[in-house]
Peer 1: 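Would you mind keeping the following structure in view while I ask a few things?
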Amino acid sequence: TNTIVWGNSAAEGDQVSLEVIEGSSSTYYSVANITYSNVEGGWDGTGNIGATPLFSNPAVGDFQLLTGSGGIDAGLNGVDNMPVYDFAVRTRIIDGDEDGTATVDIGAFEYDPSAPLVGDIDESGSVDLRDTILLLRFISGEDIGISEDITGIDCNSDGKVGMAEAIFTLQYQALNP
């Protein structure tokens with residue numbers, strides 16, 4: 001529940017494999033009760049979706065959801081042993097789609113619409129070509145008038161700003177036309 005299963009491979013099938021165990025007098029079948037999850041290729045079950053997750057930057061292990069992800073506010077609240085915080089230590093249930101109802105997101109990270117948009121250098125509310133151009137100017141050593149705090153620019157959280165950030169802004173634009 002509340003899980004994203006995407007870009008994996010299983011022994012049989014694309015994402016999830018169930019095992020048949022032959023015993024001497026019985027046959028046992030594995031059962032997967034997958035609900036309120038995002039499974040690549042789809043999976044029958046209550047609340048499941050099969051939409052591209054729109055991860056922030058999976059190439060560097062950043063699986064936070066971007067604006068427009070189908071996993072935002074699509075999970076199931078009240079699941080046993082659901083953590084209070086997500087993997088980024090944000091409160092676990094936030095009204096990410098701002099519809100007035102706080103619903104947990106599908107995945108390990110809770111989308112927070114009030115958090116600064118990573119890659120939005122000019123703080124326009126979107127990541128666009130202007131941000132990429134500003135980043136390239138910054139990388140080349142030009143003073144573009146931004147503060148020393150690179151939190152909103154360092155897209156892969158490596159403590160540096162370089163080509164990876166410029167590539168991130170271009171990828172973001174391609175996924176969010």
Peer 1: Could you walk me through whether R92 and E110 pass salt bridge (charged side-chain N to carboxylate O under 4.0 Å, His left out), step by step?
Peer 2: CA-CA 6 Å; R92 189 56 184 149; E110 195 72 13; 3.3 Å; yes
Peer 1: Of D105, N38, L76, which meets side-chain contact (heavy atoms from CB on, under 4.5 Å) against N2?
Peer 2: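 Between N2 and the candidates, side-chain contact (heavy atoms from CB on, under 4.5 Å) is satisfied uniquely by L76.
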Peer 1: Hey, quick one: are I4 and Y36 part of the same hydrophobic cluster, counting side-chain heavy atoms closer than 4.5 Å, chains of contacts allowed?
Peer 2: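 In one cluster with I4: Y36, no.
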Peer 1: Look up atom CH2 in W6 and atom OG1 in T52, then write down how far apart they are to the nearest 0.5 Å.
Peer 2: 4.5 Å
Peer 1: In this structure, would I49 and I72 fall into the same cluster of hydrophobic residues linked by side-chain contacts under 4.5 Å?
Peer 2: yes
Peer 1: Which atom names give the shortest non-hydrogen contact between S69 and L54, and what distance separates them?
Peer 2: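 What the structure gives for the nearest pair is N-CD1, 3.6 Å.
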Peer 1: If every non-hydrogen atom of F55 is compared with every non-hydrogen atom of D62, which pair is closest and at what distance?
Peer 2: CB-O, 4.0 Å
Peer 1: Quick one: closest heavy-atom pair of G78 and M82, and the distance?
Peer 2: N-CE, 3.9 Å
Peer 1: Do F63 and S56 come within less than 4.5 Å of each other through their side chains, counting heavy atoms only?
Peer 2: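 No. Closest side-chain heavy atoms not under 4.5 Å.
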Peer 1: For the atom pair CD1 (I106) and OG (S37), what is the distance rounded to the nearest 0.5 Å?
Peer 2: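 Nearest 0.5 Å value for the CD1-OG distance: 6.0 Å.
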Peer 1: Atom CD1 of I139 and atom NZ of K160: how far apart are they, to the nearest 0.5 Å?
Peer 2: 12.0 Å
Peer 1: Please tell me if the side chains of T169 and D128 come closer than 4.5 Å, counting only heavy atoms from C-beta onward.
Peer 2: no
Peer 1: Do D97 and Y111 pass the side chain to side chain contact (heavy atoms under 4.5 Å, CB included) test, and can you show the C-alpha distance, the side-chain angles, and the key distance before you say yes or no?
Peer 2: CA-CA 9 Å; D97 62 7; Y111 175 78; over 6 Å; no
Peer 1: CG/L136 to CD/E165 distance, rounded to the nearest 0.5 angstrom?
Peer 2: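 Taking CG in L136 and CD in E165, the distance rounds to 11.0 Å.
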Peer 1: For D73, which of V104, D99, I93, T101 qualifies under side-chain contact (heavy atoms from CB on, under 4.5 Å)?
Peer 2: D99
Peer 1: Does Q64 use its side chain to pair, donor to acceptor, with the backbone of F109 at less than 3.5 Å?
Peer 2: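 Such a contact is absent between Q64 side chain and F109 backbone.
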Peer 1: Linking Ile, Leu, Val, Met, Phe, Trp and Tyr by side-chain heavy atoms under 4.5 Å, what else ends up with I133?
Peer 2: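 L129, which link up through side-chain heavy atoms under 4.5 Å apart, make up the rest of the cluster.
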Peer 1: Taking the basic N atoms (NZ, or NE/NH1/NH2) and the acidic carboxylate oxygens, is any pair closer than 4.0 Å for R130 and D122?
Peer 2: yes
Peer 1: Side chains of P113 and T67, heavy atoms from C-beta outward: is any pair under 4.5 Å?
Peer 2: no
Peer 1: Nearest 0.5 Å, please: how far is OG1 in T1 from CD1 in I34?
Peer 2: 9.0 Å
Peer 1: How long is the straight-line distance from CD of E98 back to OG of S114, given to the nearest 0.5 Å?
Peer 2: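 S114 OG to E98 CD: 8.0 Å, rounded to 0.5 Å.
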Peer 1: Which heavy atom of G70 sits nearest to which heavy atom of A74, and what is that distance?
Peer 2: O-CB, 3.3 Å
Peer 1: What verdict does the side chain to side chain contact (heavy atoms under 4.5 Å, CB included) test give for L135 and D131, after you've listed the backbone C-alpha separation in whole Å, the side-chain angles of each residue and the deciding distance to 0.1 Å?
Peer 2: CA-CA 6 Å; L135 261 174; D131 295 305; 5.8 Å; no
